[in-house]
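Counting starts at 1 for both ligands and their atoms, following the listed order.
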Amino acid sequence: MKVESKRDEHFNKENKIGWLRHVRKQKNVVFCSLYDGSTDKHLQVVADPQICHEELCTGCSVEVGGSLVPSQGRGQAVELQADHLSIVGPCDNEVYPIKPKTEYTADQLRAFPHLRARTILHQKLLRIRSTASMAVHKYFLDNHFLFVHTPITTSVDCEGAGETFSIKTGEELKPGAGGRDGPGHFFNSPTYLTVSGQLHLEVITGSFLKAYSFGPTFRAEKSLGRHHLAEFYMIEAEVAFTQSMECILQVMEGLVKSMTQSVLDSHEGEVEDLWKHSQVSDQSDIVNRLLNKTYIRMSYSDAIKILENKKDNFKESPKWGCDLSKEHEKFLVKHCGNVPVFVTDFPTEIKPFYCRQNEDHATVGAVDLLVPGVGELCGGSLREERHDILRPRLDNLGLTQPYHWYLELRQFGSVPHGGFGLGFERYLQCLLGIHNIKDTIPFPRWVQHCPL
Ligand code: 4AD
């Protein structure tokens, strides 16, 4: 009997570390909310004022020892009755910008990129982001894809859109050094931060059937838009020995559904909390469709016909041969009952050189996946694997020399293949109904903004 009670006593003894979200000091008792980031629940700590340092306040980091007991309060099942409570790092509450029980807007929190991970909102986002990242790897592992680290520094501008950031050493930027790009440059040639790992993945699917990458990509787009970042994470997949666009669409659809299911399985309550904060009223219906509906397939030409019939709705008139604008993309998704839509077979001129020419010679086997709230979530294509078609294209663009290795892939055992890239932050925006993409990534970078 004695042994039993000793064991219970030991079992209930807890040592906790973390930060204080809120401190309420009363004459005979101090209540603190302790969190450590692992869950959206906080632990209520109840302490005698005698064991509390006078500097104890919101924002402090602490170590607490005590016993877990059933709580007398309403918000929690158990609380920690503290028998010691020490401050690890005090917090200067006069100037600490995150006040307890205050709701900050996402815009306000962006002013504190080094502190916003302490808020309930951003802690939820970070946990969900982490789970969604793991779900990406799980999906590809289950489907026998090889994980590849494609490089961040590269000498190719995959998309050819001129949105690259150039890499220069500190030495090359010194006055008088001339910011060299040729001989004398660190790499002896112009180099950039990658805009996409696709071409490197194509190297790998020259000898593996399926491969994927998941890493940072960089675009020097001077956009302040709510769907654009200068640094974002892209999931890219490439499949060899396929001439079927449908095969690529199924991987995209499977990936989105699998990630969504994993996030909902692990974070249902937190996701619903975020939906409540969202400006989108029917967010749960949107996610239901993301998860359960078969995505719609339509050609670019059919999409243009739909848009032309409704052209009075748009600032920019839709026209065959022009890219779809954000308003066109969002309209198409709404038109399809908010079910995600694959738009395929775009005019050759508006897609990059690597897309596979269709038999009509006017379009290429390219696809965009459009989703509610965001518009384009994925861009992909069948790749031009025929040397005799790719070579003149590269000649015309003056790219034959830098892409000689890409052409060689078509000379040495070329196979039909295709793939896509999915913008991870745009996915989180769509899933969670987040208005601004800058709130889906821990450290957002956009034009004129890279504070830490
Ligand atoms: O459509 P994109 O440009 O496709 C490619 O880069 C292909 N090379 C990918 C491939 O086939 N392997 O970009 C893919 C996705 C877009 O659909 C979008 O979701 C996201 O990347 N994206 C951005 N996300 C945030 N900020 C930006 N500036 C983005 N630009 C593209």
Heavy-atom donor-acceptor pair, [X] side chain to [Y] backbone, under 3.5 Å:
X	Y	answer
H228	L224	no
K330	V371	no
Q429	R226	yes

Subject >> CE-NE2 distance between M259 and H137, expressed to the nearest 0.5 angstrom >> reply: 10.5 Å
Original post:
Between F353 and R393, is there a cation-pi geometry (under 6.0 Å to ring centre, at most 45° from the normal)?
Top reply: no
Less than 3.5 Å apart, N/O on ligand 1 and N/O on the protein: could you list those pairs with the distances?
| from | atom 1 | to | atom 2 | distance (Å) |
| --- | --- | --- | --- | --- |
| ligand 1 | 1 (O) | E376 | OE2 | 3.0 |
| ligand 1 | 3 (O) | R219 | NH1 | 2.9 |
| ligand 1 | 3 (O) | R219 | NH2 | 3.2 |
| ligand 1 | 6 (O) | E159 | OE2 | 3.4 |
| ligand 1 | 6 (O) | R219 | NH2 | 2.9 |
| ligand 1 | 8 (N) | E159 | OE2 | 2.6 |
| ligand 1 | 8 (N) | S196 | OG | 3.0 |
| ligand 1 | 8 (N) | Q198 | OE1 | 2.7 |
| ligand 1 | 8 (N) | Y354 | OH | 3.4 |
| ligand 1 | 11 (O) | Q198 | OE1 | 3.3 |
| ligand 1 | 11 (O) | R383 | NH1 | 3.4 |
| ligand 1 | 11 (O) | R383 | NH2 | 2.9 |
| ligand 1 | 12 (N) | E236 | OE1 | 2.6 |
| ligand 1 | 12 (N) | F420 | O | 3.3 |
| ligand 1 | 17 (O) | E376 | OE2 | 2.5 |
| ligand 1 | 17 (O) | L377 | O | 3.2 |
| ligand 1 | 17 (O) | C378 | N | 3.4 |
| ligand 1 | 17 (O) | G379 | N | 3.4 |
| ligand 1 | 19 (O) | L377 | O | 2.7 |
| ligand 1 | 19 (O) | G423 | N | 3.3 |
| ligand 1 | 26 (N) | L229 | N | 3.0 |
| ligand 1 | 28 (N) | E221 | OE1 | 3.0 |
| ligand 1 | 28 (N) | L229 | O | 2.9 |

Original post:
Sequence neighbours excluded, which residues qualify as ring pair (Phe, Tyr, Trp, His ring centres under 6.0 Å) partners of H149?
Top reply: F147
